[in-house]
Amino acid sequence: MTVAIGSVIVASASAVAKVFVIGTIGYVAAIRPRPVPILPPHAMNAISKMNFDLLVLPLIYTTLASAVTPEKLGSLWIIMVSAVGVICLSYGVASILGMLPFFKVENKTDFDALRVAATFPNIIALPILIFPTLCEFPAVYNSFYEGGLDDDNTVKYRSCTEQSNAMIFIYFFAWNLVYWIFGHPTLVAAGKKRQMNSERLQTGIEIQRSVDSSDSEASEGDIELHNDIDQNVVSDRIDNEDATNVQPEGEQIMHRTSGARIRMKSMLQQIANGILKTFKSPGFLAMVLGFITACIPPLRNALFSPGGALRFLGSALEALGSASAAVGTLICAASLNHQASDDTPVAGTTDSLVCHSQEARNAEITQDHGEVSASLDFRAVMQRRRSSITQFSIKTMAAIRRRKPTIRMHAWFFFSRHIVTPAIVCLIILAMDCGSFLDDVPSLAKMVVIVNSGLPGAQLIVLTLKAKGLSDSASIVAKVYLPSYLLSVITIAGWTSLGLLLSRYDSTSLSRCTAVPRR
């Protein structure tokens, strides 16, 4: 038993080490050689699109077309249900941990964006690298192979790889569905809120400084004039609010009913848009074509059987798909480097912009004082103040975007994404296994669910925020991702080892709750 457990640990460590080596190459390629690295920032979007359209899509199609049979479709429903359950669990864990004093994130808008990032893991690039390496070890492919024990090891390895990839892509379909229905709208709303707060902060700071500077040199008569204006405005606002609040009870009920209907309509429209986007996505279309091919044995054999009439086409698609995992990991690591170091979202050097904006602000304030003393032209003064606010806002925004995540923020994200969520998933699978609720579920499916529950956050979160122009939130999420990905090398190896021990049904299994071994 000790030897078997040791082989499981070695298999897990080897799989994660492979990911780490490829990721390290991608990270270095993003900064070397200087000044023009191999993977420059401006090329990331194009390479990422190329990888998905030309490499990942063929992998999805060939995996499902060659590995899934009509008989096996009935046992794969648990993957989709588990994917939705794990995503909901991840969101709940992140929310609850965020309320605890030790993990509490003070900035609510950052917390909203990071909570979505902690909910949706990277379930394409990493799993399709991890599982083929795991399946190379006899301790793994012998445990999950459903054929004869005397079959060739190459057949067992191929079966393990194809089945795991098929389950990963079915998990990916459920992931996509939940992301477009819930994750994407929530993420964009959080990013917009963060952007609005940043703009309000910088505007408020500049208005306060401008007013303070002008008031310090203004005469008492000017101050009284401004105060009278402010008091009149405040008084009129209070009167308007009081008049608005005094409404008949019937109108208030109608407003509440109308608001509830609007929210319900918005929610239904959001769900419909999410489903439509999922069904229109290239990944879903590749899955459908793969299932159709799998259900037509003559076509499947012609494409993927040795000597088949269309084997040249199937082989070409398989060759393209085999490169997708490594390329995806390279892109992921390079993007982490670029995103985490992207602290200059405004053009030009920050120091020179700050210097020029400070000089412009001082000049405008001096000119404002002259105007106030000379003519008390309040509109002209406020117009020049707005000009000074616009120029000086560069400094405030640069300071905001240079903001770094706190240690508490890093700890909260790491524990919710890599520790607590996979631990709860393992306990749920163990309890359901002991209760004989998973008798008809393939052991490999449990393994896929456990590994996916402990993966780091998806790069799509950062790309979505940047595509929407929400660079503030994108920068924070990217900076939280970097240490998370580095530490995940240890946690993924640990959860992979535990997942193997929970999924196996032999003398080393941790889930032998019944006397009858199950596959």
Side-chain angles (χ1 to χ4, degrees), residues 78-123 126-127 171-172 174-187 189-190 405-433 445-462 464 473 476-499 502:
I78 189 65
I79 298 292
M80 293 190 61
V81 174
S82 300
V84 175
V86 171
I87 291 172
C88 295
L89 175 65
S90 300
Y91 187 82
V93 167
S95 301
I96 294 173
L97 284 184
M99 299 176 184
L100 300 179
F102 182 76
F103 295 109
K104 189 173 183 179
V105 179
E106 298 297 337
N107 193 306
K108 180 66 167 56
T109 51
D110 285 343
F111 175 72
D112 291 339
L114 286 169
R115 183 167 50 177
V116 177
T119 302
F120 294 92
N122 187 338
I123 52 97
L126 299 184
Y171 194 105
F172 174 64
W175 186 100
N176 253 326
L177 191 63
V178 179
Y179 176 77
W180 287 113
I181 292 176
F182 168 74
H184 184 269
T186 305
L187 181 67
T406 62
I407 298 297
R408 182 179 298 181
M409 193 181 294
H410 283 296
W412 162 76
F413 187 87
F414 177 78
F415 274 88
S416 60
R417 178 69 260 159
H418 297 287
I419 302 296
V420 179
T421 297
I424 295 176
V425 170
C426 288
L427 291 175
I428 292 174
I429 289 179
L430 181 61
M432 294 182 69
D433 223 0
K446 306 170 196 174
M447 178 68 186
V448 170
V449 172
I450 291 173
V451 172
N452 282 342
S453 67
L455 296 174
Q459 285 292 309
L460 181 62
I461 304 298
V462 179
T464 299
S473 295
I476 288 293
V477 173
K479 290 172 182 176
V480 171
Y481 270 4
L482 184 57
S484 171
Y485 268 79
L486 293 176
L487 293 174
S488 68
V489 173
I490 300 173
T491 57
I492 292 175
W495 293 120
T496 302
S497 300
L498 185 59
L502 286 173

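As the structure is a computational prediction, the values presented were derived from the model and not from experiment.
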Margin query: Would you call the rings of F415 and F103 parallel, tilted or perpendicular, taking 30° and 60° as the class edges?
Written below: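 Plane angle between 30° and 60°, so tilted.
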Note to self: Please check this pair: side chain of S484 against backbone of F414, looking for a donor-acceptor N/O pair closer than 3.5 Å.
What the structure shows: no
Note to self: Using modelled atom types and a 3.5 Å cut-off, is there a donor and acceptor pairing between side-chain atoms of W412 and backbone atoms of A94?
What the structure shows: yes
Measuring from [X]:[atom1] to [Y]:[atom2], what's the distance to the nearest 0.5 Å?
| X | Y | atom1 | atom2 | value |
| --- | --- | --- | --- | --- |
| S416 | L89 | OG | CG | 10.5 Å |
| L455 | F120 | CG | CZ | 14.5 Å |
| I476 | L114 | CD1 | CG | 7.5 Å |

May I ask you to test the [X]-[Y] pair for a side-chain heavy-atom distance under 4.5 Å?
| X | Y | answer |
| --- | --- | --- |
| W175 | P121 | yes |
| T491 | L487 | no |
| V462 | Y481 | yes |
| T496 | M447 | yes |
| I461 | Y179 | yes |
| Y485 | N122 | yes |
| N452 | V86 | no |
| P127 | V451 | no |

Check: Among pairs that include at least one residue of residues 406-423, which meet salt bridge (charged side-chain N to carboxylate O under 4.0 Å, His left out), considering only residues two or more places apart or in two chains?
Finding: E106-R408
Next item on the list: Not counting sequence neighbours, list each pair that qualifies as a salt bridge (charged side-chain N to carboxylate O under 4.0 Å, His left out) and has a residue in residues 84-100.
Entry: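 The answer is none; no pair qualifies.
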Kindly give the heavy-atom pair with the smallest separation between [X] and [Y], and that separation in Å.
| X | Y | result |
| --- | --- | --- |
| G454 | H418 | O-ND1, 3.2 Å |
| P456 | I492 | CD-CD1, 3.9 Å |
| W495 | I419 | CZ2-O, 3.4 Å |
| S82 | V449 | CB-CG2, 3.7 Å |

Notebook entry, point to check: Does I490 CD1 have over 12 foreign heavy atoms under 6.0 Å away?
Noted result: no
